[in-house]
Amino acid sequence: MTTALMRNLFLGIAAIPSIYYIIALFSSVRFFLAASDEADEKSGFTPPVSILKPVRGLDPDAYENFASFCRQDYPDYEILFCVGDTNDPAFPLLEQLIREFPERRIRILVGSGRDAANDKVAKLVRLVDEASHEYLVISDSDVRVKPNYLRKILAPLTNPRVGAVTCFYVPTEDTSWVQSLQDVGMLSDFYPGILVAKQLDGVKFALGPTIATTRTRLQAFGGYASLENRPADDLLVGRLIADQGYEVALLPYSISTVPDYQSLKELFHKRLRWITVMRHMRPWGHIGLIFTLGLPWALLAVAVHPTFAIAASYLGGYLLFRIALTAVVGAWGLRERDVWGKVLLVPVWDALACLIWLVSFTRKSIRWRGQDYLIRNGELVPTPRVD
């Protein structure tokens with residue numbers, strides 16, 4: 001094989017990320033064009049609902065996050081919190097909520113009563129058992145919502161073919177360049193990947209900050225008790241409901257989350273934990289991510305054939321695609337403010353994402369809430385603490 005032929009073959013492989021970006025752009029534009037926000041909000045579907053919130057420790061701006069759920073424009077709902085014990089720093093804030101929102105039905109459950117590797121899921125087992133209503137909304141503690149949240153998130157469940165609903169999430173605000181970097185990663189990388197998956201295979205997952213479903217749909221696969229020793233419970237809830245033949249509705253509606261990391265190191269380890277879990281759950285898909293990493297392929301293409309035409313087509317094309325994806329998803333689709341002010345961080349995020357992907361192959365464990373876990377046969381196995 002001649003040098004020129006090998007070079008051209010490599011340049012062809014290096015162009016594969018551009019094909020992925022085209023599919024991602026198409027999938028994103030199609031998704032947001034098909035969105036019908038107003039019709040959903042005015043559906044008139046308002047069944048009684050239980051909001052379930054497992055809590056451990058204090059997230060930034062925790063009180064305002066919790067209080068936003070007490071300000072819903074919705075006729076009949078309750079909020080259930082579950083903490084490990086009364087010494088949890090969130091407990092006084094939850095008691096304050098009860099005092100300041102006497103018109104709301106708020107209950108605080110103390111302890112899950114279960115011994116499980118995944119403490120959040122153990123709490124959800126009890127929360128589901130204690131909930132008064134068939135319709136359930138599961139939400140993380142760092143989430144903040146608008147008054148129309150429940151109406152939006154429950155509306156798709158009027159369709160009997162829909163078994164669960166989930167939606168996107170954006171930061172309340174970026175107070176540092178690291179938080180802007182994380183946001184750019186979501187808008188340019190994570191969400192386009194989700195929309196490609198939806199386009200090719202439908203939505204067979206859910207996003208942890210918000211899941212709306214019913215007690216019946218959960219019980220059909222064994223409920224949260226069947227997930228209490230497994231990672232990525234949010235993804236699995238969506239998958240197991242989809243496996244029953246139901247649709248998982250992904251809304252073009254975004255809620256807010258408050259960033260819980262302050263440094264690049266914290267962001268790196270948070271994303272490394274997530275992608276390491278994905279490597280164990282979907283090993284071949286994880287390997288295939290190499291063809292979605294456009295920056296290293298563009299740089300290698302220029303290194304292999306350093307001409308102006310190659311630099312312009314590969315590096316220039318890479319930048320155009322990445323900026324277009326960020327703008328389509330963030331500025332147009334999710335109507336997030338100040339997206340254009342962050343696009344210069346896209347190559348920085350892509351370099352970090354490539355490094356995280358490479359490091360994930362060296363990881364045999366994850367660190368979560370101060371505890372190290374191995375992942376064996378799809379389950380979390382706590383490792384002994386070394387003092």
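Relative orientation of the Phe81 and Phe66 rings is perpendicular, given thresholds of 30° and 60° on the angle between their planes. Using a 30° and 60° split on the angle between ring planes, Phe32 and Trp332 fall in the perpendicular class, above 60°.
Tracing side-chain contacts under 4.5 Å through hydrophobic residues (I, L, V, M, F, W, Y), one reaches Ile194 starting from Leu33; they form part of the same cluster. Following chains of ILVMFWY side-chain contacts shorter than 4.5 Å, one cannot reach Tyr191 starting from Val343, and the two form parts of different hydrophobic clusters. In the hydrophobic clustering of ILVMFWY residues, with side-chain heavy atoms under 4.5 Å counting as a link, Ile310 and Phe308 come out apart. Residue Ile98 is grouped with residue Val83 when hydrophobic side chains (ILVMFWY) are merged at heavy-atom distances under 4.5 angstrom, including chains of intermediate members. Val121 and Leu374 fall into different hydrophobic clusters, defined by Ile, Leu, Val, Met, Phe, Trp and Tyr side-chain heavy atoms under 4.5 Å apart, directly or through other members.
Under the 6.0 Å cut-off for aromatic ring centres, His286 and Phe361 qualify, their centroids lying closer than that. Trp274 has its ring centre less than 6.0 Å from the ring centre of Phe190.
Looking only at distances, a side-chain donor or acceptor of His280 sits under 3.5 Å from a matching main-chain atom of Thr276. Of the possible polar contacts, none joining the Arg126 side chain to the Gly113 backbone as a donor-acceptor pair under 3.5 Å is found. Checked by atom type and distance alone, the side chain of Tyr21 never pairs as donor or acceptor with a backbone atom of Ala324 at under 3.5 Å. The backbone N or O of Arg363 lies less than 3.5 Å from a partner atom in the side chain of Arg279, making a donor-acceptor pair. Put simply, the side chain of Asn118 never gets that close to the backbone of Asn229: no donor and acceptor are under 3.5 Å apart. With hydrogens and angles disregarded, no donor-acceptor distance shorter than 3.5 Å links the side chain of Glu64 to the backbone of Arg144. The backbone N or O of Ala4 lies less than 3.5 Å from a partner atom in the side chain of Asn8, making a donor-acceptor pair. Using a distance-only test at 3.5 Å, with no hydrogens or angles considered, a donor-acceptor pair links the side chain of Arg215 to the main chain of Ala131. Remark: the backbone N or O of Pro209 is paired with a side-chain donor or acceptor of Ser139 at under 3.5 angstrom.
Between Cys167 and Tyr253, the shortest heavy-atom distance links the atoms CB-O, 3.2 Å. The two residues Val277 and Ile366 have their closest heavy-atom pair at CG2-CD1, 3.9 Å. Closest non-hydrogen pair, Gly163 versus Leu157, comes out as C-CD2, 4.1 Å. Residues Ala90 and Gly57 share a closest heavy-atom pair of CB-O, 3.7 Å. Contact between Leu251 and Phe168 at its shortest, heavy atoms only, is O-CD1, 3.4 Å. The minimum heavy-atom distance linking Thr172 with Pro259 is given by the pair OG1-CD, 4.1 Å.
Note that OG1 of Thr46 is 13.0 Å distant from CD of Gln72, once rounded to the nearest 0.5 Å. Residue Gln219 holds its CD atom at 6.0 Å from OG1 of Thr216, rounded to the nearest 0.5 Å. Rounded to the nearest 0.5 angstrom, Leu187 CG and Glu336 CD are separated by 5.0 Å. Taken to the nearest 0.5 Å, the CD1 atom of Ile375 stands 9.0 Å off from the CE atom of Met281. Distance check, rounded to the nearest 0.5 Å: CG of Leu315 to CG of Leu320 gives 11.0 Å. The structure places CG of Leu94 at 11.5 Å from OG1 of Thr86, a figure rounded to the nearest 0.5 Å.
Other residues, nucleotides and ligands contribute over 12 non-hydrogen atoms within 6.0 Å of the CZ atom of Arg71. The environment of Arg7 atom CZ is dense: over 12 non-hydrogen atoms of other residues, nucleotides or ligands sit within 6.0 angstrom.
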- For Val143 and Tyr169, run side chain to side chain contact (heavy atoms under 4.5 Å, CB included): C-alpha distance rounded to whole Å, both residues' side-chain angles, the deciding distance at 0.1 Å, then the answer. CA-CA 9 Å; Val143 168; Tyr169 48 99; over 6 Å; no

Evaluate the side chain to side chain contact (heavy atoms under 4.5 Å, CB included) criterion for residues Leu299 and Tyr318: first the C-alpha distance (whole Å), next the side-chain angles of each, then the deciding distance (0.1 Å), finally the verdict.
CA-CA 10 Å; Leu299 292 173; Tyr318 153 78; over 6 Å; no

Next item on the list: With side chain to side chain contact (heavy atoms under 4.5 Å, CB included) as the test, would you mind laying out the steps for Val55 and Phe91 before giving the verdict?
Entry: CA-CA 9 Å; Val55 176; Phe91 188 77; over 6 Å; no

Pair Asp59, Ser141 - check side-chain hydrogen bond (donor to acceptor under 3.5 Å, both in side chains), show working. CA-CA 7 Å; Asp59 295 299; Ser141 59; 2.4 Å; yes

Audit row: Leu136, Arg217, side chain to side chain contact (heavy atoms under 4.5 Å, CB included) steps and yes/no
CA-CA 10 Å; Leu136 308 173; Arg217 297 287 83 79; over 6 Å; no

Determine whether Tyr135 and Phe45 satisfy the following criterion, ring-ring contact (aromatic ring centres under 6.0 Å, His included), listing intermediate values before the conclusion. CA-CA 12 Å; Tyr135 287 87; Phe45 181 67; 5.6 Å; yes

message: Show, in sequence, the C-alpha distance, side-chain angles and deciding distance for Tyr149 and Ser68, and conclude whether the side-chain hydrogen bond (donor to acceptor under 3.5 Å, both in side chains) test is met.
response: CA-CA 10 Å; Tyr149 165 73; Ser68 69; over 6 Å; no

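Tested against Thr166 for a side-chain contact (heavy atoms from CB on, under 4.5 Å), the candidates Val237, Leu207, Ile138, Ile153 yield a single pass: Leu207.
A salt bridge links Lys123 with Asp119; the closest basic N to acidic carboxylate O contact falls under 4.0 Å. In summary, Arg337 and Glu173 do not engage in a salt bridge, as defined by a charged side-chain N under 4.0 Å from a carboxylate O.
Looking only at side-chain heavy atoms (C-beta outward), Phe221 and Leu236 stay at 4.5 Å or farther from each other. Annotation: side chain of Tyr373 is not in contact with side chain of Ser365 (no heavy-atom distance under 4.5 Å). Put simply, the side chain of Phe101 does not reach to within 4.5 Å of the side chain of Ile79, judged on heavy atoms. Leu97 has its side chain within reach of Tyr63: a pair of non-hydrogen atoms, C-beta onward, lies under 4.5 Å apart. A heavy-atom distance below 4.5 Å is not found between the side chains of Ile16 and Trp297. Side-chain contact between Gln199 and Ile23: absent, with no pair of heavy atoms (C-beta onward) separated by less than 4.5 Å. With a 4.5 Å cut-off on side-chain heavy atoms, Leu240 and Asp243 count as touching. Between Phe268 and Leu352, the closest side-chain pair of non-hydrogen atoms falls below 4.5 Å.
Within the structure, every pair that satisfies the side chain to side chain donor-acceptor pair (under 3.5 Å) test and touches residues 73-85, not counting sequence neighbours, is listed here: Ser50-Glu78, Asp76-Arg105, Tyr77-Arg104, Glu78-Arg107, Glu78-Ser132.
Stacking of Lys53 on the aromatic ring of Phe69 is recorded, both the 6.0 Å distance cut-off and the 45° axial limit being met.
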